Amino acid sequence: MTTLRSDFLHTITERGFFNQCTDLDGLDSRLSAGTVTAYIGFDCTADSLHVGSLLPIMLLRHLQKSGHKPIVLMGGGTTRVGDPSGKDEARKLLSDDDIARNMAGIKQVFGKFLTFGDGPTDAVMVNNADWLDQINYIAFLRDFGRHFSVNRMMSFDSVKLRLEREQPLSFLEFNYMILQAYDFLELSRRLGCALQMGGSDQWGNIVNGVELGRRVDARDLFGLTVPLMTTASGAKMGKTAQGAVWLNAERLSAWDYWQFWRNTEDADVGRFLKLFTELPIDEINRLADLEGAEINEAKKILANEATRLAHGAAAAAQAAETAKRTFEEGAAADSLPTVAIPAAELTTGIPAFALFARAGLAASNGEARRLIKGGGAKINDDAVGSETDLIGTPHLKDGVIKLSAGKKRHVLIKAE
RNA sequence: GGAGGGGUGGCCGAGCGGUCAAUGGCAGCAGACUGUAAAUCUGCCGACGAAUGUCUACGUUGGUUCAAAUCCAACCCCCUCCA
């Protein structure tokens, strides 16, 4: 890789975002010459995005910060088809209502990371349902279908892998890449968009769009992908026991979000700092070189920075403070997740297993019993003797009862 | 349309009349060791119940049987080959 002149490409390669590009030199020149408009598409398959989407979101953020214009494309239309990339099975079809609801949830996330508006480098959000829903089948086939070679489409991983594994691929899904290619063309026509970015699994879809633009409009379009994120031990990024690591506070509290980053594997700290914070590279290198227990300092900084971006400085500071009180001082920080129980019930006392289940520390009474039998449950930092012990008013300390499941999961019980 | 094969717990995958809440692996939870890490080792891992236990589960619906995930029938879905 030779020297890159544009700030954007320089930054993202340095920070580990770069996977591949259709024409790196050409893109570099274009970015150096002036403002470039670029887009990334997002599925509307859930009502929030999760950490898996954070990489492309950060990419758009860097794009905007280096003086270019990001477009967030909501896949309101394409979600109705379903992207087969990287999947062995067709996703179940979502209803239009679901899609609309999901889109509303996702929109909230972007406001934290990008500046929206009407200015030349302000981000805009568009929905591909706006044009895909209008398509006339025959006209579309004649105008664009002829530019796609089925032979070629079969060679793209999203299709090829499915066929090789003898997994079914419906014609509906087969069309996905054509629609995504068409999106790029539409965006280039409507908004002068010249670059599509996405995860490495989107490469085939992106290339198709670049080619369609050249064939139909003789446009120079570019594609760029970011690597697929996995942790150092090979797990997919952003999935935990409780489910995905959501970016919406409604789906996952800032405290849990902070904890997710705090628990990063050692081997990932440097890489994650580069990708998910905006600290200077020198500082990151220094942090990543910390050894042994010292690297915990780097993890705290990672958690602080990442939480600040998604939930704001105040939430990040509070999470950090709560963590300090809870883990370093062993105290019951009053900002731990709290569950209110009617005072009358506490007076009577609640069996320990039932309390753990109600606090959300166990999914069922049975699981709570197992937790207690296995010695992982604590009340006010003392192991619970028996699952049927009555817990109530006598256990209140400073007005709260601290329940712990293992070392990391804590909940405060308060009377109401 | 014809001939085969298959649908089992979050996933993969055994079981093929009772001893099956169902071997094993993965994932997950907890414990030990550590540093709120990884790796490793140990325990747990359907729901409800203090408990003998009760209930719900092996594509769906019926049937045979004292007894079915296991046998039979119909139906639904998937795969392979043939037309």
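Values reported hereafter were calculated over all heavy atoms of this structure, with side chains retained and with hydrogens, waters and symmetry mates removed. Model, not experiment: these values are computed from the prediction. Sequence lines set the chain letters: A, B, ... in the order given, protein chains first and strands last, and positions in each chain run from 1.
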Could you measure between the two P atoms, the one in B:G46 and the one in B:A21, and give it in whole Å?
13 Å
Is A:Arg409 near enough to B:U36 that one of its side-chain N or O atoms lies under 4.0 angstrom from OP1 or OP2?
no
Could you tell me how far apart A:Asp266 (CG) and B:G35 (C1') are, to the nearest whole angstrom?
8 Å
Could you give the CG-to-C1' distance, from A:Leu371 to B:G43, as a whole number of Å?
13 Å
Sticking with atom P, work out how far B:U36 lies from B:G15, rounded to a whole angstrom.
46 Å
Can you check the distance between B:C72 and B:G5, where both ends of the measurement are the P atom (answer in whole Å)?
12 Å
If you measure from the P atom in B:A67 to the same atom in B:C55, how many Å do you get, rounded?
16 Å
Please report the distance separating the P of B:U54 from the corresponding atom of B:U19, rounded so that it comes out in whole Å.
14 Å
By the 4.0 Å heavy-atom rule, please label A:Thr326 as base, sugar-phosphate, or nothing.
nothing
So how far is it from A:Asn365 CG to A:Leu371 CG, rounded to the nearest 0.5 Å?
12.5 Å
To the nearest Å, give me how far apart CG (A:Leu361) and P (B:G28) are.
19 Å
Interatomic spacing from CD in A:Glu321 to CH2 in A:Trp255 - rounded to 0.5 Å:
10.5 Å
Taking the same atom, P, in B:C76 and in B:U61, what whole-Å distance lies between them?
15 Å
Looking only at side-chain N and O atoms, does A:Arg370 come under 4.0 Å of OP1 or OP2 in B:G43?
no
Would you indicate which nucleotide in B:G31, B:A30, B:G49 comes nearest to any side-chain atom of A:Phe353?
B:G49
Quick one: A:Glu328 CD to B:U36 P, roughly how many Å, whole number?
9 Å
Output for pair (A:Asn380 CG, A:Lys378 NZ), nearest 0.5 Å, gives 12.0 Å
Can you see if the side chain of A:Asn365 gets near the phosphate of B:G49 - specifically, an N or O under 4.0 Å from OP1 or OP2?
yes
A:Glu387 has a side chain; which of B:A51, B:A38, B:U36 sits nearest to it?
B:A51
Can a side-chain donor-acceptor contact be found between A:Asn128 and A:Thr78 if the only test is distance below 3.5 angstrom?
yes
Whole-Å distance, A:Arg369 CZ to B:C48 C1', equals 8 Å
Mapping A:Gly406 and A:Lys324 to their closest nucleotides on RNA chain B, which lands nearer the 5' end?
A:Gly406
Result of checking A:Leu195, A:Val226, A:Leu73, A:Leu59 against A:Ile40 for side chain to side chain contact (heavy atoms under 4.5 Å, CB included):
A:Leu59
What I want to check is whether an N or O donor and acceptor connect the side chain of A:Lys407 with the base of B:U34 at under 3.5 Å.
yes
Whole Å only: how far is the CD atom of A:Glu291 from the C1' atom of B:U34?
16 Å
Taking the six-membered ring for Trp, are A:His62 and A:Phe113 ring centroids under 6.0 Å apart?
no
Are the aromatic rings of A:Trp261 and A:Phe276 close, with centres under 6.0 Å apart?
yes
If only side-chain N and O atoms of A:Ser364 are considered, is one of them under 4.0 Å from the OP1 or OP2 phosphate oxygen of B:C48?
yes
Which value, in whole Å, describes the distance between the P atoms of nucleotides B:A68 and B:G62?
15 Å
Nearest whole Å is fine: how far is B:A30 C1' from A:Lys408 NZ?
12 Å
Are the aromatic rings of A:His311 and A:Tyr257 close, with centres under 6.0 Å apart?
yes
Within the 4.0 Å heavy-atom criterion, would you say A:Gly292 contacts the bases, only the backbone, or no part of the nucleic acid?
base
Give A:Ala405 one of three labels, base, sugar-phosphate or nothing, depending on what nucleic acid heavy atoms sit under 4.0 Å from its own.
sugar-phosphate
Would you kindly compare A:Ala363 and A:Lys299 by the position of their nearest RNA chain B nucleotide and give the one closer to the 5′ end?
A:Lys299
Look at the side-chain N and O atoms of A:Lys373 and state whether any lies under 4.0 Å from the OP1 or OP2 oxygen of B:C45.
no
Regarding A:Glu294, tell me which of base, sugar-phosphate or nothing describes its non-hydrogen contacts under 4.0 Å with the strands shown.
nothing
To the nearest 0.5 Å, tell me how far A:Ile301 CD1 sits from A:Leu287 CG.
4.5 Å
For RNA chain B, the expected dot-bracket line (Watson-Crick or G-U under 3.5 Å, [ ] crossing, | inter-strand) is ((((((((.[[[..)..(.....]]].(((((.......))))).(((....)))...[[[[[..)....]]]]]))))))).
Separation of B:A38 P from A:Arg271 CZ (nearest whole Å):
15 Å
How far does the P atom of B:U70 sit from the matching atom of B:C29, given to the nearest Å?
34 Å
